Structures are given as structure tokens and as C-alpha cells.
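For reference, the structure discussed in these notes is given below.
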There are 2 protein chains.
Amino acid sequence: MEDQDPPAPAAFSPATADDVAALAGVSRWTVARAFKKDASISQKSRRKVMAAAEKLGYVPDLLAASLASDRSNLVALVLDDFENPHKLVMLERLTRVLSREGMGVLLVNMLGADAAGALLSASQRRVDAAVVIGTRFDDRLLAAALEARRVKQLIVFARTSAVPNTLSIACDDAVAMRAIADHLLAAGRRRPMFVAGPDSRSATLERKAAFLGHWRARTGRTPGVIHVAGYDAGSALAGVAGTLAGREGEAAPDALVCENDIIALGAIDALRYRLGLGVPERIAVTGFDDIPLAGAPAYGLTTFRQPITDMAKHLARILGGTGRGSVLLPGRLVVRTSA
Amino acid sequence: MEDQDPPAPAAFSPATADDVAALAGVSRWTVARAFKKDASISQKSRRKVMAAAEKLGYVPDLLAASLASDRSNLVALVLDDFENPHKLVMLERLTRVLSREGMGVLLVNMLGADAAGALLSASQRRVDAAVVIGTRFDDRLLAAALEARRVKQLIVFARTSAVPNTLSIACDDAVAMRAIADHLLAAGRRRPMFVAGPDSRSATLERKAAFLGHWRARTGRTPGVIHVAGYDAGSALAGVAGTLAGREGEAAPDALVCENDIIALGAIDALRYRLGLGVPERIAVTGFDDIPLAGAPAYGLTTFRQPITDMAKHLARILGGTGRGSVLLPGRLVVRTSA
DNA sequence: TTAATCATTGCTCGCGCGAGCAAAAACCGG
DNA sequence: CCGGTTTTTGCTCGCGCGAGCAATGATTAA
């Protein structure tokens, strides 16, 4: 007797719908219907099926289902920036909302802006849609990639998009930047500068354009711009410190409007620890995104919060069939101590 | 003539191996071989096939391949904590390394510690393995979930695991905490406290145990412990401020050893902005993970960096078939100004 | 030149399920 | 109890590909 080994779990082969059907005494398709909402099936058979399924530990195989139908209930989330903690917040919301709708999330790292490769690997898994969440990627790059490898649907998240055949779900940057500009004006700031990331050619200059445009409209003057070398705090620190070193009086800004929170934190550090300028006494600083650390007392960053949950819900609606076009959702200015 | 509309891209149906085979004048299986490394195929046919594939924009359908074989080349990454930016670093490394090996990443949000649900949705997509990256999840929970829904392989990442049939890839916490303790001792600190997260029952107490044990071994005294309410900076701030308020002299610690960087940042803020205690003059603070912001001048956090890339590579090796057991990789103490 | 050997190619069968329709069963008023 | 409905159930076919073997052609030793 060799009853020593436990029933080798490695050799276990999961139950199929046929197994359940046999046990429940119905056909395979009745089993399928039992697992489908709004299916035409009697309470009695559904109960029978569910009992049998429970006993066998059966769950429908989504892979086979994807192959048979042409929906995979899988969406690719394509990311090109893992330095901004705000991306993590987005991932959390998106995975939460999408999984509640029964959709899976394929996370794709868009290394070195290889949009084509990213969308390719997504399409190989038959994703229902690819959602691009990024700052660096270029619209033209995306358009080309979209043309070459057809993902059924391309959705640009947290940014507007000029790519045709593309939906965009974003927060209204123009409104946001106006709110920031008005807040600074109301606080008596008169010589702001905009601190942007390196990708001057990409669509992230939307915030920049909105801010500069609104400020000019209200004051007649166009603020200067600092481009830092990367979307990380270190680059922002170096860039801001380098640009502002030695500026005094009217040549020095009295506010820095930053493209996002990470850059803003770097800017604050540059002002305080490199230039010895008080924030907000001498220079006000604003960010964008409201990352978790923005609220830390060390920074107290005044920033703008995007309605991520609403955006995620809208995405789910689009993927679910309800919900139609691109949207621009309103966000909210979060005033803290930095401005 | 209605050549006005471009060939509707929506109706486009991707080429299959059969299409390529027809165009190249070979059989479907020769096409498959052309796309497989180390397959038995002549140079000539491979070139023919590749040319035809290029022309049709064919790429193998991984979904169908997964169904036919029993490898999906899909790995579930199960996360239960999206507040720690370090998780984003891990995601970046893991997606990068795994995608280079041809594996896809399914991101699963383990909401409310629902390990069973998370593993279930992973298994429904036939993942080759589920990689759990978390702080909150409980080993028993995991064991139960593993039992119920068999994922072929369960791998615990960045933590050791006592669950049977499980592999673990982690940094050696014991060595790490010893390094931190020794560093503090060398700097003359004598009354440290450990700042831990809320999950006293979970396996994250490994770091705590390692630190307390080593400190006791070297000094004969057991440091106190502060449990904060959550793994976020706000909770850490509140918890540390609340616990230390009013302590003076010998009753006050001269060092706070924190379970991770997020808690450490909250602790620093508590000391500086609530208690008015200088860091590191009055109290030294250490963290764990070396998140990007740890190096910001506002904090200058002394911390411990895990070898994420090596850990990811080891994971890829395990999934690829080479690479066998659990590992404990060495990390590195990063000394900055906070301790 | 012939049989043996090897590289290369083709094929049968099935992975687990869904769409869409046909068959069966249940229901209903007269 | 019957024809007409409506609900419920079953079935054929195929999604795109892989495992593993059989067949084909190429190559070599005898």
C-alpha cells in the first residue's frame, strides 16, 4: 500500500463544463447558461448545475471562452512611466473597477516608447481594448502603431488624443489650469513660471498651453517656461535649481506651476535646499495629480486632483458597450500650504 | 464607384496561420515552425513564411496557442497594496523582465484581502503562475485559496512564505535588519523603536522580529514597537506622533526603525512637524525599499534597497523552467542623512 | 544504384467553450 | 384534451493553434 503520497495536486486537471453537465444530468450548454446572467434557464436546472459545479470546483475557462467568442474581457493597460506614484493610483482604480465588471487587466510596459511592440503583444492576446496611460508617448507613434497592429479599440487615458479612431478619457486640463492660475492671481502672485517635463513635442504640453494662454488672457503677460530633463523629482530639482540660480528681484518668479506633483516636489526641494527660497513665502508651487505624498506636511502641495474613479467608471462603461465617446471630466483644486 | 471609404478597419479580421500558409505555399504547421525558435525547418521555408507573414501582418495568436498547449505564458501579479510607490518599481521591473521572456502580465487587484477571488480570476485565465506581492495578505488565507483554486504555481514575491507548495523570492530581511541595527549602533544610537504596520498577525513581522532579535543579541535590551494604523504616510504620522507625544529623556527613543519607506516618511514628518524633534539630530530614522522619493533632500532617508531586478530575473528563470527553488537575495544598505 | 538515415513537412485530433438554431417541454385558454 | 405560445434544453460547427506521429524528400554509405 502506498497511500503515503497525497493525491498529487500537480496532476490535477480542472473540471470542464462537460464534467459538470454529466454530474448534474444536463447538457454542456445548460451549464454554460447557468453561469451566464440573464440566460434563459430554469431555477431548478441552475441550482442543479451550481451544486455540481461547486462539488467539482468548476469555473468557466475564460481563455476558451475568448477563443470561441470574440470577446476576451481583457484590456491592456499600457504604461510608459513608472516613476510617478500617481500611476499606481490609476492602476488601483482601473483594476478595481474593471475587475468588478468581469474584465481582466493585462499590464504592458511600454519600454523606450515602443508603442508598436506594446500594442503588438497586447493584440496577440486578443485584448478587447488597449488603454494607453502615459506622458511620453507621441501621438504619431501611437497612430502608426495602431495602424500596423490592430487592437480593436484604443483608448487614451488621462490625456486627450488627436489620434483618429481613438477615444480619450481625461480630466479637463484647461479648466484645471485656469483654476490654478486664478488661485495664484487671487493670492497676489504676478510672475509665475511653468515647469514642464522634457517632452516638448508630445501632447503633454496641453497643460502648459492652457496655463500660459489663460495667464496671458488675464494679465497680458506670458510666463516663462522651464523644461526639466525627466519626469522625476531628481531631474526637476536639478532643472529648477539650475535655471533659477542667481535670479533676483523681478527676474525671479514668485510662483512655479508644475506639470505634475513629482516635478513639483523636486521644485520645492530645489527652492528650499538649493536656493534657500521659502515655499510659499517667496515662491508658491503648484502640482498636478494629488499623489499621496503631496499632503505630507513636508510639502503641503497645492495641486489638482483628477477624478480617477469617474474616469475608470467611464472606461468600464465604454468597454461594456454602454458609454460612447470621449469625455473630459472635471477635477478639483486641492489647496494646501505651498500656494 | 464608391472608393470613398477606406477599407473599414473595424471589419478587419486578423490573418491566421492558414492564410500565411496558403500565401507561402506551405502547410499551417510549417508556419508555426517558422515562428518557433529551435524548430526543425529549413532556412528557405522560414524565409518564405516570414515574408508572407509580414505581408499579411500575421502574428501568432497567443490565446489559441494557450488553449491548445497548456502553457499560457501569462503570469498573474497579485497586489494588495497600491499605496507604496515601491510597488510601482516592482511592477516596472517585473513587466520589463517578463515581457522580454515573452510572458504577459495579468495585474490582479487583491481587494480587501480576497485572496481566493484574486487567485480564482487568475486561474480562469489559465495563468502559468500567480505571483503574490503583498504586505497584508495572510499566509493561511493564501494556503486556503491555493487549495481551493489551483493555480499551477504560486510564488510569493518580496516576502518569505510558509505556505506549502509555494516558492518565495525575497530579499534577506534578517541580514538587512542586522545591517540597519549595526549601522545605528555604530552611530551611537541606543534606544531605538520599531515602527510596524498594522498587520501584526501577518508575516510582515519578519523584519520586526529580525531587528528586535538582533538588537537584543547585541545589547541585551529589546526595543519597543509602535504599530501604526496603515501602510501609508498619514497613518504613520498619526501613529508615531500619538505614541511619542510627551515622552522625554530616557523614555523617548533616539531612533525609529521603520518597516518601510512610506512609514518612515510619515515618521519623519511626525517628528519634525508634530513633535518638533530634529531628524537625525534627536532621532534617527530608517526605512526599507528605497523608494524614489527617499533620496529627496527633504527626507534623505537612510534605507535598504532590495535587489528587485535580480529577483525579477530569478522569477523569469523559474517560470522559464530553469531555476528551481526559493531564494533569498542580498540587498544593500543605502545611507543618507536621516540616520 | 539501393537501402538506410536524417532533415523537413504534413496531418489527425483535440483544447473548452459560444453562436445560433432546432427540438423538446411546459404552459394556457377554450 | 388540443393547437398555439412561450420557455427551456440540446446540438452542430468552428475559434486558431499544438502535440505527436506519419509521410515525404534529401543525403549518404555500401
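Throughout, a chain's letter reflects where its sequence line sits, starting with A, and its residues are numbered from 1. All values reported here derive from a predicted model rather than from experimental measurement.
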In 5'-to-3' order, the base (B), backbone-only (S) or no-contact (-) status of each nucleotide in nucleotides 13-27 of chain D, using a 4.0 angstrom heavy-atom cut-off, is -BBBBBB--------

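Within the structure, the ring-ring contact (aromatic ring centres under 6.0 Å, His included) test picks out the following pairs touching residues 40-92 of chain B (sequence neighbours left out): B/F35-B/Y58. Every pair tested for ring-ring contact (aromatic ring centres under 6.0 Å, His included) that includes a residue from residues 115-136 of chain A fails, sequence neighbours excluded, so the list is empty. Sorted by first and then second residue, the side-chain hydrogen bond (donor to acceptor under 3.5 Å, both in side chains) pairs with a member in residues 88-102 of chain A read A/E92-A/R96, A/E92-B/N109, A/R93-A/T309, A/T95-B/N109; sequence neighbours excluded.
Partners of B/R33 by side chain to side chain contact (heavy atoms under 4.5 Å, CB included), not counting sequence neighbours, listed by chain and number: B/W29, B/T30, B/A39, B/I41. Under the rule for a side-chain hydrogen bond (donor to acceptor under 3.5 Å, both in side chains), the partners of A/S42 that lie at least two apart in sequence or sit in another chain are A/S45. A/L146 pairs by the side chain to side chain contact (heavy atoms under 4.5 Å, CB included) definition with A/L154, A/V163, A/N165, A/T166, not counting sequence neighbours. For A/S123, there are no side-chain hydrogen bond (donor to acceptor under 3.5 Å, both in side chains) partners two or more places apart in sequence or in a different chain. Taking the salt bridge (charged side-chain N to carboxylate O under 4.0 Å, His left out) definition, one finds that B/D70 meets it with nothing, sequence neighbours left out. With sequence neighbours excluded, the residues that form a side chain to side chain contact (heavy atoms under 4.5 Å, CB included) with B/L67 are A/A64, A/L67, B/R126.
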Which is it for B/I318 and B/L167 under the side-chain contact (heavy atoms from CB on, under 4.5 Å) test, yes or no, and what are the steps along the way? CA-CA 9 Å; B/I318 288 178; B/L167 255 45; 3.6 Å; yes

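Rounded to 10 degrees, the angle separating the terminal helix axes of the helix from C/dT1-D/dA30 to C/dG30-D/dC1, each built from five base pairs, is 30°.
Contact check of residues 38-48 of chain B against DNA chain C (heavy atom, cut-off under 4.0 Å) returns B/S40, B/I41, B/S42, B/S45.
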